[in-house]
Amino acid sequence: MIITEDIKKFITIALRDSQLSGELPRVSFVDIRVEKPRNIEHGDFSTNIPLILARVMNMSPMEIAEKIHKKLDNGIFFSKIEVVNPGFINFTLSNEWLQSSVEEIINSGEKYGDIENLSPKNIQIEFVSVNPTGPLHVGHARGAVLGSTLANILEANGHNVHREYYVNDAGNQMRLFFESLYFRYIQEAGVEIDEPDELYAGGYLISLAKTLYNRFSNIPLGMSKDDAIDYLSPFVLEFILSDIKKTLSKLGVKYDEWFSEKTLLETGYFDSVIKLLDDHQLITQKDGAIWFLGTKLGAGEDTVLVRSGDGGPTYFGTDISYHHQKFVKRKFDQVIDIWGADHHAHISRMKYAMEGLGIDTNRLKIILNQIVHFKSGEETLKFSKRKGVISTIDDLISEVGVDSCRYIFLSRSSESQMDFDLSLAKKQSSENPVFYIQYAHARLCAIQRSAISKGLRANGDVSLLNHKSEINLIRKIIELPSVVAYSGEQLEPHHIAYYAFDLARLLQKFYEECRVISVEKGSSELTASRLKLVEASRITFAKTLLIMGMNAPENM
RNA sequence: GCCCCUGUAGCUCAGCUGGAUAGAGCGAAGGACUUCUAAUCCUUAGGUCACAGGUUCGAAUCCUGUCAGGGGUGCCA
């Protein structure tokens, strides 16, 4: 259950009651908002609905607030509901209700934080989708962490989530890559040939060529360049993809599907979408190329779908058919793409294309993650293998660890450019919030271990949990479903990261002020109750960390 | 030129679907371990929310303009 939703319902009913009884005028529907006041003296939740209604009802906010207040019932939830100037209604949760929720959380177990969704959507989320031309670079880590966490959040929101990696195994970049690789292969065989115009740089290519040569030896040398590439490419793709999969799996990123761009071309799907666009009169031939007439729909410019030179499709071309396929063939209700900031220009083009195909563009959400600057203390890092500076995700993980890495990416909103301080990430100390959160979980586990060894059980009466830091901890614990819901609505994973940190702070406070396992006489009942709070807290930490794709260590 | 993102404490960032006294971590200064994990806790200091207008009962939040930083603006992906 989500407490804020319940409060909204109470207010809605009270408002309707006062309107039916004629105490308040009937006005058109307004969106009731319940928020957490900054100041704890203002209660646990508040609504500003009287202030909003004041204008349309032409009454003073305080008067409206009083009328609504009269119809509100404290019930089991609240110890206090009060009207405050200039027109807020503040709700304070009752200790009884807070206490009882501890048991509810324990009963929910690992399902706590999952939201029962009455209208779940089929959501496809596509992220990373880097060209399979080598190992993943640190620049791609942010999208990977963001995407995988967002997928977890949506799943917790009760949606059916399909995680997908679009393998760009066709197209110009791949051709250039294969030509460079072929060149290195020939070099490896000791034959002199001309360098391709655009040579993919990096030692990776050379070592890959070596691996290939060890396997295929001189066989490809007897073929034409194109035949040799055709011969080698399946092996190369598989080799690189398995590398990428390994890296992502290490980073805690799993996919349901690896979708090949090439299949769009081979199955004729691409051609059929071009035809569809043509049917909508959104296609033209110009300068030997095929163009999408975005300008007809209001776009700033038209875009090429099929190149004039080799007649091959552009990235945008295949991507349109890929997206058409997501919406029309596979019928996803919602599609989420996570792209790097360099894809910015692609967004409006894609939306126009979807619009042109008659697809509601609200079904397509594109999240752009901004650039990451890596630095070490004061020093900004330019990635360079030669200088021994980290450049691949594998390096990053082995240097700072998966959990630290994930948390740092998650604790920034995706739309802001961020600094990733490697020296801070590596520190296993209080400077690093990652360990602060995990430590809280480990501490709870330590308490439970100690309880077990002493034969103590979590079977106390929760009404004994009246200490201020106990109540405050419970308040935070019950927020989890609201946070999951909000993150899911906004498609913003960072709220979870901040929640985890706040939770840890309140847990530490509780730990400091409320000794759980007490040897004092007459305190066994309290110990048994506090052990319940410990379990409820542990469940909450574990869930939060699970959503973020981080470990919940029992020992540190 | 045009489009997008960002500008909040010394640093890194939350808060931005308008609400009550603007928050956190780090860093700085000081303090707390006969205790279930001190990877912890408690104090204190630190702000013209880039700037200027506007809308509003009310603006860090919305609108307009300016400035600064970054990104994009391929028949690359």
Side-chain angles (χ1 to χ4, degrees), chain A residues 31 33 35 37-39 41-42 46 48 51-52 54-55 60-61 84-88 90 129-131 133 168 171-174 176 198 286-291 300-301 303-319 339-348 368 370-371 373 375 377-378 408 411-421 424 427-436 438-440 442-451 453-454 456 489-490 494-495 497-498 501-502 505 508-509 511-519 527 530-531 534 555-556:
Chain A
D31 188 24
R33 199 157 300 144
E35 54 185 26
R38 259 200 297 263
N39 189 336
E41 285 165 28
H42 296 137
S46 77
N48 64 345
L51 288 154
I52 292 176
R55 203 163 315 156
S60 87
V84 181
N85 259 319
F88 293 101
N90 294 339
S129 299
V130 176
N131 271 331
T133 57
N168 299 130
N172 210 32
Q173 286 301 318
M174 285 314 287
L176 294 175
E198 288 181 67
K286 197 170 60 185
D287 309 328
I290 296 176
W291 296 70
E301 68 214 338
T303 323
V304 171
L305 300 179
V306 178
R307 291 189 294 267
S308 57
D310 57 1
T314 61
Y315 167 72
F316 179 56
T318 45
D319 214 13
W339 292 343
D342 56 335
H343 277 59
H344 168 246
H346 200 53
I347 296 178
S348 68
L368 226 50
Q370 296 292 328
I371 300 234
H373 298 285
K375 58 175 207 169
E378 292 297 299
I408 290 169
S411 57
R412 308 283 187 275
S413 76
S414 66
E415 60 193 11
S416 51
Q417 295 169 28
M418 62 172 282
D419 287 349
F420 191 116
D421 188 335
L424 174 63
K427 276 190 201 163
Q428 310 220 343
S429 72
S430 59
E431 288 174 54
N432 192 339
V434 181
F435 298 103
Y436 185 78
Q438 293 186 317
Y439 187 65
R443 250 189 171 161
L444 290 166
C445 293
I447 294 174
Q448 292 184 324
R449 277 194 301 272
S450 169
S453 74
K454 292 184 167 65
L456 300 170
E489 277 161 30
Q490 304 291 319
H494 70 271
H495 302 290
Y498 280 88
F501 190 83
D502 288 346
R505 204 135 39 91
Q508 302 291 14
K509 187 92 174 157
Y511 179 87
E512 230 21 69
E513 297 184 356
C514 299
R515 178 149 185 111
V516 177
I517 295 171
S518 176
V519 287
T527 290
R530 285 183 171 165
L531 282 172
V534 166
N555 288 296
M556 281 177 82

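Everything numeric here is computed off the predicted structure, so don't read it as measured data. Protein chains get the first letters and strands the later ones, always in sequence-line order, with residue 1 at the start of each. Note that these values count all heavy atoms, side chains included, but never hydrogens, waters or copies made by symmetry.
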Residues A/Leu368, A/Glu415; criterion side-chain contact (heavy atoms from CB on, under 4.5 Å); working and verdict: CA-CA 6 Å; A/Leu368 226 50; A/Glu415 60 193 11; over 6 Å; no
Answer with base, sugar-phosphate or nothing: what part of the nucleic acid does [X] contact at a heavy-atom distance below 4.0 Å?
| X | result |
| --- | --- |
| A/Gln417 | base |
| A/Asp319 | nothing |
| A/Arg505 | sugar-phosphate |
| A/Cys514 | base |
| A/Ser411 | sugar-phosphate |
| A/Asn48 | base |
| A/Gln438 | nothing |
| A/Tyr498 | sugar-phosphate |

Under 4.0 angstrom between [X] side-chain N/O and [N] OP1 or OP2:
| X | N | value |
| --- | --- | --- |
| A/His494 | B/G15 | yes |
| A/Arg443 | B/U37 | no |
| A/Ser518 | B/U35 | no |
| A/Lys509 | B/C42 | yes |
| A/Tyr436 | B/C41 | yes |

Expressed in whole Å, how much space separates the [atom1] atoms belonging to [N] and [M]?
| N | M | atom1 | result |
| --- | --- | --- | --- |
| B/G15 | B/C62 | C1' | 16 Å |
| B/G30 | B/A45 | C1' | 11 Å |
| B/G27 | B/G10 | C1' | 8 Å |
| B/A60 | B/G7 | P | 15 Å |
| B/A59 | B/G19 | P | 11 Å |
| B/A24 | B/C42 | P | 11 Å |
| B/G54 | B/A9 | P | 25 Å |
| B/U8 | B/G23 | C1' | 10 Å |

Counterpart residues, ring-ring contact (aromatic ring centres under 6.0 Å, His included), relative to A/Phe420 (two or more places apart):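 Here the qualifying residues are A/Phe374, A/Phe409.
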Going by ring-ring contact (aromatic ring centres under 6.0 Å, His included), name the residues that satisfy it together with A/His343, two or more places apart in sequence or in a different chain.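 For A/His343, the residues satisfying ring-ring contact (aromatic ring centres under 6.0 Å, His included) (neighbours in sequence not counted) are A/Tyr315, A/Trp339.
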Rounded distance in Å - [atom1] ([X]) to [atom2] ([N]):
| X | N | atom1 | atom2 | answer |
| --- | --- | --- | --- | --- |
| A/Glu41 | B/A20 | CD | P | 14 Å |
| A/Lys375 | B/C26 | NZ | P | 16 Å |
| A/Leu456 | B/C36 | CG | P | 14 Å |
| A/Met418 | B/U12 | CE | C1' | 10 Å |
| A/Phe420 | B/C13 | CZ | C1' | 15 Å |
| A/Arg38 | B/U61 | CZ | C1' | 11 Å |
| A/Glu35 | B/U61 | CD | P | 16 Å |
| A/Arg55 | B/U56 | CZ | P | 8 Å |

How do A/Asn90 and A/Ala446 order along RNA chain B: which one's closest nucleotide is nearer the 5' end?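 The residue mapped nearer the 5' terminus is A/Asn90.
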Closest-nucleotide mapping onto RNA chain B: is A/Pro86 or A/Ile371 further toward the 5' terminus? I mean the 5' end.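 That would be A/Pro86.
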Name all stems that contain residues of RNA chain B, defined as runs of 3 or more consecutive Watson-Crick or G-U wobble pairs, both distances under 3.5 Å.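 If one scans RNA chain B for consecutive Watson-Crick or G-U pairs, the stems found are B:1-7 with B:67-73, B:10-13 with B:23-26, B:28-32 with B:40-44, B:50-54 with B:62-66.
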To the nearest 0.5 angstrom, please state how far the OG atom of A/Ser413 sits from the CD atom of A/Gln490.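 Going from the OG atom of A/Ser413 to the CD atom of A/Gln490 covers 11.5 Å.
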Between A/Gln370 and A/Arg412, is the side-chain hydrogen bond (donor to acceptor under 3.5 Å, both in side chains) condition met? List the steps. CA-CA 10 Å; A/Gln370 296 292 328; A/Arg412 308 283 187 275; over 6 Å; no
Which letter, B, S or -, goes with each nucleotide of nucleotides 72-77 of chain B from 5' to 3', with contact meaning a protein heavy atom under 4.0 Å? SS-BBB
Does the pair A/Leu531 and A/Ile447 meet the rule for a side-chain contact (heavy atoms from CB on, under 4.5 Å), with working shown? CA-CA 8 Å; A/Leu531 282 172; A/Ile447 294 174; 4.1 Å; yes
Taking N and O atoms by type only, does the side chain of A/Asp502 place a donor or acceptor under 3.5 Å from a partner on the base of B/A14?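 Looking at the base of B/A14, it does not pair with any donor or acceptor on the side chain of A/Asp502 (distance under 3.5 Å).
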Ignoring hydrogens and angles, answer whether the base of B/U12 and the side-chain atoms of A/Asp419 contain a donor-acceptor pair closer than 3.5 Å.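 Donor-acceptor pair under 3.5 Å: no.
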Has A/Arg33 got a side-chain atom pairing as donor or acceptor with A/Asn48's backbone, closer than 3.5 angstrom?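 Absent.
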Spell out, as yes or no, whether a donor-acceptor pair under 3.5 Å connects the side chain of A/Asn432 to the backbone of A/Val434.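 Here the side-chain-to-backbone pair exists.
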Could you list the residues that satisfy side chain to side chain donor-acceptor pair (under 3.5 Å) with A/Asn555, not counting sequence neighbours?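 Partners of A/Asn555 under the side chain to side chain donor-acceptor pair (under 3.5 Å) test: A/Arg449.
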If the condition is side chain to side chain donor-acceptor pair (under 3.5 Å), which residues does A/Asp310 pass it with, not counting sequence neighbours?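 Expected list: A/Arg307.
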What closest approach, in Å, do A/Val516 and A/Thr527 show between heavy atoms, and which atom pair accounts for it?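 Between these two residues, the closest heavy atoms are O-OG1, 2.7 Å.
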Considering non-hydrogen atoms only, spot the tightest contact between A/Pro86 and A/Pro61 and give its length.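 For A/Pro86 versus A/Pro61, the nearest heavy atoms are O-CB, 3.3 Å.
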Begin with the C-alpha distance, continue with both residues' side-chain angles, and end with the deciding distance and a verdict on side-chain contact (heavy atoms from CB on, under 4.5 Å) for A/Ile517 and A/Lys454. CA-CA 9 Å; A/Ile517 295 171; A/Lys454 292 184 167 65; 3.8 Å; yes
Nearest-nucleotide pick for A/Tyr511, side chain only, options being B/C36, B/A20, B/A39: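 Nucleotide nearest to A/Tyr511's side chain: B/C36.
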Between B/G25 and A/Phe501, is there a base-stacking contact, meaning the centre of the base's six-membered ring lies under 5.5 Å from the residue's ring centre while the planes stay under 30° apart?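 No, the aromatic ring of A/Phe501 does not stack with the base.
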